Amino acid sequence: MIRRPRGTNDRLSEDHVAWQHVIDTFTHECELRGFKPISTPTLEHTDLFSRTTGEQTDIVRKEMYSFEDRGGDSLTLRPEGTAPVVRAYLQNSMHNLLQPVKVAYVASVFRYDRPQAGRYREHHQIGAEALGDANPAVDAEIINLLWSTYQALGISDLQLHINSLGDPDTRPKYREALIEYFTPLKPHLDPDSLRQLETNPLRLLDSKNPAVIALCDDAPRSVDFVNSEAREHFEDLKELLDALDIPFTQNNRLVRGLDYYNRTVFEFLPPDTGSQSTIGGGGRYDYLAELIDGSHVAGVGFGSGIERVLLNMERLDQKPKSTASTSVYVAPLVKGAVPTALRISNDLQRVDISTESGFGPSSPRSHLRRANALTAKIAILIGEDELQKNVVAIKPLDGSDQIAVPRDQTVHTVRNLLKPST
RNA sequence: GUGGGCGUAGCUCAAUUGGUUAGAGCGUCUGGUUGUGGCCCAGAAGGCUGGGGGUUCAAGUCCCCUCGCUCACCCCA
């Protein structure tokens with residue numbers, strides 16, 4: 001037996017109802033705000049991610065699906081959605097369009113990780129980016145888009161956490177302050193935290209170790225180190241979120257796993273702080289484009305895992321399950337009726353009546369059992385008698401009487417029967 | 001990469017201290033009705049008990065290895 005690769009999923013038809021609902025809802029919210037769809041390749045040059053995401057991040061160090069293609073290029077299955085969009089903006093000279101350029105996407109994302117609840121090697125994200133404008137109102141618009149999408153999906157109990165990381169000119173100072181604060185506390189740190197103190201002290205703030213969390217209460221806060229422009233940007237954003245009636249918590253411990261963020265970072269979290277809790281998050285990345293081609297393009301965006309969105313909809317019993325059923329089932333009782341059955345099915349389908357045809361001749365009993373299992377509203381039986389008289393037997397499956405009608409009046413009759421009786 | 005839990009039919013689960021031919025419900029198919037669905041009834045198909053090795057007169061059951069699933073850590077969506 002060849003099985004699917006670990007951490008990947010087959011999405012069966014019953015799951016597609018809810019899946020499509022999430023995408024449709026997001027698409028609608030995007031259209032309401034002028035975010036246009038964009039698609040980028042599943043594959044990119046490895047450099048795009050290693051350079052932008054950060055050499056020291058776990059994503060680049062151990063989670064990328066990278067391989068050499070037949071021409072010797074190193075390619076990578078995208079581990080996140082933002083860098084490819086920025087790359088597409090630069091490559092397609094989108095600075096010539098009206099700024100900011102607002103785009104949205106649905107994309108599969110790949111990370112080599114041990115799978116667990118809400119975490120897969122291939123997962124899917126809805127995401128949006130606004131490029132070419134540094135105004136805090138753009139941050140607010142991005143956050144509002146994600147917030148509104150969650151609301152529309154019935155996920156109403158999420159907490160929005162926000163923080164400001166400041167700009168690159170002040171980051172080293174903050175970093176040093178953290179090292180200075182935590183170094184005397186080394187005896188209280190676990191091995192993982194000690195390693196992070198060396199590699200990326202910001203991540204210490206994100207620890208789940210209760211002892212470390214306690215220490216973080218008195219740790220230096222990034223907002224105290226940012227420059228005056230970044231501080232004003234953050235204050236403006238909070239004011240705008242208030243104006244939009246979007247409740248938020250300023251979380252001084254919020255840092256993100258990708259290195260390219262500056263100023264605004266945010267995350268949406270469910271109330272019960274479980275393990276794979278972040279359902280969506282993002283932030284501003286005004287210096288990301290520089291890493292790709294040296295140009296300066298302001299940007300802000302988010303990504304949200306569709307699988308985790310669905311998990312939260314399920315938790316709140318908001319996951320749609322019902323699927324549309326076929327209206328009509330056409331049953332050929334004898335082999336000679338199969339062409340007629342297919343023909344009638346086709347006629348009905350052409351006038352937008354969902355119809356399935358039985359493929360092989362069989363007894364009325366098994367055909368009707370099948371029609372019932374499909375929850376069809378009407379069955380059409382065609383046997384020897386009907387062929388002789390050039391009629392079809394139309395049987396409503398609600399228990400009302402079966403009628404014989406001339407074959408050329410089938411569509412007309414079915415349409416009338418399906419009309420809601422008022 | 002680290003640690004815990006679990007692998008019996010398509011699904012959910014049984015199977016006495018190790019003891020005959022591994023069962024049930026649901027689902028699927030067929031029949032009960034020479035051309036009439038649901039409900040009911042009957043029957044059938046469907047298992048190398050994840051795989052390999054070991055202990056034993058005897059292993060679904062005990063031991064080891066391995067694979068898979070799952071949960072958590074790490075990290076993130």
Side-chain angles (χ1 to χ4, degrees), chain A residues 1-9 12 22 53-54 56-64 78-82 106-127 146 190-193 195-196 199-200 203 206-209 254-258 265-270 274-282 301-312 329 331-334 337 358 361-387 393-402 404:
Chain A
M1 178 64 192
I2 300 175
R3 308 173 56 87
R4 75 174 97 90
R6 183 170 213 194
T8 62
N9 288 107
L12 307 181
V22 171
T53 307
Q56 290 309 311
T57 60
D58 280 35
I59 291 178
V60 172
R61 289 208 345 260
K62 51 186 191 188
E63 295 176 3
M64 293 209 300
R78 82 179 137 231
E80 62 107 11
T82 299
V106 180
S108 48
V109 175
F110 303 83
R111 288 179 204 167
Y112 187 89
D113 223 350
R114 231 7 216 276
Q116 66 188 74
R119 192 177 80 184
Y120 307 100
R121 290 183 174 182
E122 180 191 23
H123 75 277
H124 300 77
Q125 291 187 14
I126 52 175
L146 186 52
D190 56 273
D192 278 331
S193 300
R195 180 178 56 79
Q196 286 170 336
T199 57
N200 191 351
R203 292 228 58 84
D206 206 26
S207 174
K208 275 180 201 152
N209 182 339
L254 177 62
V255 295
R256 307 218 71 230
L258 294 77
V265 290
F266 62 91
E267 267 178 28
F268 284 93
L269 303 162
S275 51
Q276 306 305 317
S277 48
T278 301
I279 161 169
F302 67 78
S304 181
I306 297 181
E307 287 84 352
R308 289 189 187 175
V309 167
L310 256 12
L311 232 45
N312 278 275
Y329 178 80
L333 305 183
V334 294
S362 181
S363 66
R365 175 197 178 93
S366 61
H367 271 308
L368 285 169
R369 278 187 174 174
R370 191 175 163 79
N372 192 64
L374 293 169
T375 64
K377 294 179 183 61
I378 292 173
I380 299 179
L381 303 171
I382 309 164
E384 209 59 67
D385 288 358
E386 287 77 16
L387 287 175
I394 296 180
K395 182 183 175 71
L397 292 173
D398 60 1
S400 46
D401 289 341
Q402 179 173 325

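Since this is a predicted model, take the numbers as computed values, not measurements.
- Contact annotation: A:R256 reaches the phosphate of B:A77 (side-chain N/O to OP1 or OP2, under 4.0 Å).
- If you measure from atom CZ of A:F110 to atom C1' of B:A77, you get 14 Å, rounded to the nearest angstrom.
- Using a 4.0 Å heavy-atom distance criterion, A:R6 is classed as a base contact.
- When the C1' atom is compared between B:C48 and B:U21, the two are found 16 Å apart, to the nearest whole Å.
- Taking the side chain of A:R114 as heavy atoms from C-beta on, and the options B:G35, B:A77, B:G1, the nearest nucleotide is B:G1.
- Spacing between atom OH of A:Y120 and atom P of B:A77 amounts to 16 Å, rounded to whole angstrom units.
- Both distances falling under 3.5 Å, in either a Watson-Crick or a G-U wobble arrangement, place B:C73 opposite B:G1.
- A:E384 comes within contact range of at least one nucleobase, with a heavy-atom separation under 4.0 Å.
- Of the listed residues (A:E122, A:R121, A:H123), just one forms a side-chain contact (heavy atoms from CB on, under 4.5 Å) with A:P115, and that residue is A:R121.
- Across the strands present, B:C40 finds its partner in B:G32; the criterion is a Watson-Crick or G-U wobble pair with both atom distances under 3.5 angstrom.
- For A:A117, whose side chain is taken as the heavy atoms from C-beta onward, the closest listed nucleotide among B:G37, B:C71, B:C69 is B:C71.
- Counted by atom type alone, A:T57 and A:T53 present zero donor-acceptor pairs between their side chains at under 3.5 Å.
- Straight-line distance from the CZ atom of A:R370 to the C1' atom of B:G35: 18 Å, rounded to whole Å.
- Between A:R256 and A:E267, at least one side-chain N (NZ, or NE/NH1/NH2) sits under 4.0 Å from a carboxylate O, which counts as a salt bridge.
- Contact annotation: A:R369 reaches the phosphate of B:G38 (side-chain N/O to OP1 or OP2, under 4.0 Å).
- Among B:A77, B:G32, B:G35, the nucleotide with an atom closest to any side-chain atom of A:L258 is B:A77.
- A stacking contact links A:H123 to B:A77: the aromatic ring centre lies within less than 5.5 Å of the base's six-membered ring centre, and the planes differ by less than 30°.
- Among the protein residues, A:E122 comes within range of no part of the nucleic acid, since none of its heavy atoms lies under 4.0 Å from any strand.
- Distance, A:D385 CG to B:U34 P: 15 Å, rounded to whole Å.
- Computed from coordinates, the A:I378 CD1 to B:G37 C1' distance equals 14 Å when rounded to whole Å.
- Regarding contacts with the backbone of B:A72, a side-chain N or O of A:Q116 is found under 4.0 angstrom from either OP1 or OP2.
- Taking CG from A:N9 and CZ from A:R4, the interatomic distance works out to 5.5 Å, rounded to the nearest 0.5 Å.
- Donor-acceptor pairing under 3.5 Å, judged by distance alone, is present between the side chain of A:R365 and the base of B:G32.
- A donor-acceptor contact under 3.5 Å is not formed by the side chain of A:E63 with the base of B:G1.
- Remark: B:U56 base-pairs with no nucleotide; criterion is Watson-Crick or G-U wobble with both hydrogen-bond distances under 3.5 Å.
- Comparing B:U61 with B:G52, their P atoms are spaced 12 Å from each other, to the whole Å.
- At a threshold of 4.0 angstrom between heavy atoms, the contacts of A:G383 include nucleobase atoms, whether or not backbone atoms are also involved.
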